[in-house]
Amino acid sequence: MRLTKLFGKTQREIPAEADTISHQLLLRTGMISQLAAGVYSYLPLAWRSLKKIEDIVRDEMNKAGGQEITMPVLQPIELWQKSGRAQSMEKTLFTLNDRRERTMALGPTHEEVVTVLAAHFIQSYRDLPLTLYQIQTKFRDEPRPRGGLIRVREFTMKDAYSFDIDEAGVEKSYQSMLHAYENIYARCGLKAILVEADSGAIGGKFSHEFILPTESGEDTVISCPKCGYTANAEKAVFNKGKVKNDKPLPIEEIATPEMKTIEELVKFLKIPSSQTLKAVLYAADGKFIFVVIRGDLPVNEIKLKNALHCQDLRLATDAEVTEQGIIAGSASPVRLKGIKVVADDSVNSGTNFVAGGNKPDTHIKNVNYPRDFKADVVTDIALAQANDTCADCGTKFVSVKGIEVGHIFVLGTVYSTKFGANFIDANGASQPILMGCYGLGMGRLLAAAIEQHHDDKGIIWPLPIAPYQIYLCPLYRDGTKVGEVAEKIYEELEAAGLEVLFDDRQESPGVKFNDADLLGMPLRITISPRTLEKKSVEVKWRSEKESSLLPIEGLAHALKQMIAKKSI
RNA sequence: CGGGGUGUAGCGCAGUUGGUUAGCGCGCAGCGUUUGGGACGCUGAGGUCGGUGGUUCGAAUCCACUCACCCCGACCA
């Protein structure tokens, strides 16, 4: 491809709206263009790269036994009402009305449709196991699109669905997908880590996420450097330890003037925060919830949400707190009546805690569970952080931020039961099909790849997903043969099946080199009077500092070898 | 939805105690000189100052409403 013909231009300045590095680079290279919040056009360079990622994904899906299909984006809302997700996904679902005023949804994912499809065609255990997948556009009205391609409202996703007759079969399907995912990231030249995850709104038994570590990531991964335990912070369990375990003493009110936060209280009383109980007030689907947790631990709202089985969870407003007769800054589970209490199991990790007094400027000493207060639910609702200790081996956790680029679930019979997707087993009995689902965001993977592979000059494409393998960069000079030779080399390389982006612009060397670095094709070939004297061209990997000379004679062959060697 | 911010040329910005022809840099077009890390000169094109309504002799500038986009939180590939 000639740069003078390529649709899309590089730009020197960083667009003001872009904060994330991948977003900045995608815009500066002219790969994407925004139409609305979370809605983008993909220009030729981005599209080529996406196609390469698709090819890899498709290949691995096929190898894992998947069959490619395409399902409708336009879906009757009744399907979503039947699964219950019209409610649970609520505003995320894009809906529209057809001319007969029937409501349709633009598919945010395809569990409903694929289950209906499976129900149509699967009758016997002989039809199973089966894995179907598609690579296709999804629509989600995200509350907040962000970071360029990292979180968008219209995006291409590879989604696969497995169907099995029993647990053992599900396990097998799940494992083979897991391996396919690992292959995909490796083949794209990306380092993804496998973490245990919360299964979220899709529902189901257990799940894993693949996270690409990068600073601008939305997720936090907690891992144990010793035993290898790795989980999303949303899900991670940890050892909360034991704190002072003295004999329970009688409760006692103490004056704590102006002490509203745990921090202030701890300073004032000169005790560790782990010796206090913190109250956090929530509204869960509009109902008031009193949460108690040890003072040194943050609440994990995902775990809390799961414990409450609620759709919507938010902090209670000041007005709601006051309405319940609770004194903010001194809220207490002791002597609380008529309010649902959820306690983190850390309330059992010690004795004689300091808790709120539910009176202004007052706290209570020597609070013990369950002697002094009751909880409707006691479970793990604490958020794991770096330096917490591993529940398995007691080592301190480390944490890393990253972007979720893949998520796999075991669904069980959640959808098959709702949509009557059954099969006849070997004994002639009807049973619901066991399902799994496996998602992978294509555009997000592209963005994450850039996040992981760039420097201050621009992108450094991993070879397998680079839009072009080679950046051909002649430095024109009047009265020399540079132009002529470049044209010839361009034709030869293309003829040899190499992917070449030919910078045929009449620009100064500085401009060309800077664009070469910005665009980040893996190999740069420079032709100048200087190299021509030696009947050579200069070859340089974008990822490396040093360049070398290669003879023009047999160049295509030599480059192919370099590329083949790099691909291994 | 809650909190914060920004809308002036394709991009980055200035101009905002109201004052007439709205500027600068990059980019773009033409000509010339240049050429191994974003060269230089000259000439030129390009603007509903996000929108609507108001105040005023006069609004990019003041007021009201509104829209869009970005960032932080709840959601997710």
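Pairing for B/rU56 is absent, with no Watson-Crick or G-U wobble pair whose two atom distances lie under 3.5 Å. Pairing for B/rG27 is absent, with no Watson-Crick or G-U wobble pair whose two atom distances lie under 3.5 Å. Across all strands shown, B/rA45 forms no Watson-Crick or G-U wobble pair with both distances under 3.5 Å. Nucleotide B/rA68 forms a Watson-Crick or G-U wobble pair with B/rU6, both donor-acceptor distances falling under 3.5 Å. Base pairing analysis places B/rA14 opposite nothing; no Watson-Crick or G-U wobble pair with both distances below 3.5 Å involves it. Nucleotide B/rA39 forms a pair with B/rU33, judged by Watson-Crick or G-U wobble geometry with both contacts under 3.5 Å. Of all nucleotides present, none satisfies the Watson-Crick or G-U wobble test against B/rU20 with each distance under 3.5 Å.
Distance from the side chain of A/Ile302 is smallest to B/rC75 among B/rG12, B/rC75, B/rA77.
Residues A/Ser162 and A/Tyr438 bring a donor and an acceptor atom of their side chains to less than 3.5 Å of each other.
Remark: A/Arg144 is not in phosphate contact with B/rC70, judged by side-chain N or O atoms under 4.0 Å from OP1 or OP2. The phosphate of B/rC70 has OP1 or OP2 within less than 4.0 Å of a side-chain N or O from A/Gln34. Within the 4.0 Å cut-off from OP1 or OP2 of B/rC1, not a single side-chain nitrogen or oxygen of A/Arg314 is found.
When each of A/Gly148 and A/Gly406 is assigned the nucleotide of RNA chain B with its nearest heavy atom, A/Gly148 is the one assigned upstream, toward the 5' end.
When all heavy atoms are compared, the tightest approach of A/Cys473 to A/Lys512 is SG-CB, 3.7 Å.
A/Ala448 pairs by the side-chain contact (heavy atoms from CB on, under 4.5 Å) definition with A/Leu212, A/Ile403, A/Val405, not counting sequence neighbours. A/Tyr185 is linked by a ring-ring contact (aromatic ring centres under 6.0 Å, His included) to A/Phe210, counting only residues two or more places apart in sequence or in another chain. Under the side-chain hydrogen bond (donor to acceptor under 3.5 Å, both in side chains) criterion, A/Ser173 pairs with A/Asp164, not counting sequence neighbours. Scored by the side-chain contact (heavy atoms from CB on, under 4.5 Å) test, A/Asp159 finds A/His110, A/Gln134, A/Lys138, A/Met157, A/Tyr161 as partners (sequence neighbours excluded).
B/rU16 and B/rC62 have their P atoms separated by 10 Å, with the value rounded to a whole Å. To the nearest whole angstrom, the two P atoms, one in B/rU48 and one in B/rU55, are 25 Å apart. Rounded to a whole angstrom, the distance from the C1' atom of B/rC67 to that of B/rG32 is 48 Å. Only the C1' atoms considered, B/rG44 is 30 Å distant from B/rG37, to the nearest whole Å. Distance check on atom C1': B/rG2 versus B/rG38 gives 44 Å, rounded to whole Å. Using P as the reference atom, B/rU34 and B/rG51 are 47 Å apart when rounded to the nearest Å. Comparing the same atom, P, in B/rG58 and in B/rG73 gives a spacing of 48 Å after rounding to whole Å. Spacing between B/rA39 and B/rC75 at atom P, rounded to whole Å, works out to 49 Å.
A/Tyr185 places its OH atom 11 Å from the P atom of B/rA77, with the value rounded to the nearest Å. The interatomic distance linking A/Leu383 (CG) with B/rG73 (C1') rounds to 14 Å, in whole Å. Here B/rC76 presents its P atom at 13 Å from CD1 of A/Ile211, a figure rounded to the nearest Å. A/Ile135 places its CD1 atom 13 Å from the C1' atom of B/rA77, with the value rounded to the nearest Å. Rounded to a whole Å, the CD atom of A/Glu17 is 16 Å from the P atom of B/rU6. A/Phe139 places its CZ atom 17 Å from the P atom of B/rA77, with the value rounded to the nearest Å. Regarding A/Glu54, its CD atom lies at a distance of 14 Å from the C1' atom of B/rA77, rounded to whole Å. Separating the CG atom of A/Asp159 from the P atom of B/rA77 is a distance of 10 Å, rounded to the nearest angstrom.
Of all the residues in residues 36-51 of chain A, A/Ala36, A/Ala37 reach under 4.0 Å from RNA chain B with at least one non-hydrogen atom.
Taking the six-membered ring for Trp and thresholds of 30 and 60 degrees, A/His208 and A/Tyr174 have ring planes inclined between 30 and 60 degrees apart.
Distance check, rounded to the nearest 0.5 Å: CE of A/Met61 to CD1 of A/Ile184 gives 4.0 Å.
At the heavy-atom level, A/Ile14 lies under 4.0 Å from the strands shown only through sugar-phosphate atoms. Contact annotation for A/Glu142: base contact, defined as any heavy-atom pair under 4.0 Å involving a base atom. At a threshold of 4.0 angstrom between heavy atoms, the contacts of A/Gln11 are confined to the sugar-phosphate backbone, with no base atom among them. Using a 4.0 Å heavy-atom criterion, one finds that A/Gly30 contacts no nucleic acid atom at all. If you check every strand for non-hydrogen atoms under 4.0 Å, A/Pro15 touches sugar and phosphate atoms only.
Counting distance only, with no hydrogens placed and no angle test, the side-chain atoms of A/Arg151 and the base atoms of B/rC75 include a donor-acceptor pair under 3.5 Å.
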**OP:** Heavy atoms under 4.0 Å is the rule here; annotate nucleotides 25-37 of chain B 5' to 3' with B where the base is hit, S where only the sugar-phosphate is, and - elsewhere.
**Re:** BSS-------BBB
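A donor-acceptor contact shorter than 3.5 Å links the side chain of A/Lys540 to the backbone of A/Glu544. With hydrogens and angles disregarded, no donor-acceptor distance shorter than 3.5 Å links the side chain of A/Thr531 to the backbone of A/Ile527.
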Subject >> Stepwise ring-ring contact (aromatic ring centres under 6.0 Å, His included) check, A/Tyr181 with A/His179 >> reply: CA-CA 5 Å; A/Tyr181 271 57; A/His179 286 132; over 10 Å; no
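By the 6.0 Å and 45° rule, A/Arg140 does not stack over the aromatic ring of A/Phe94.
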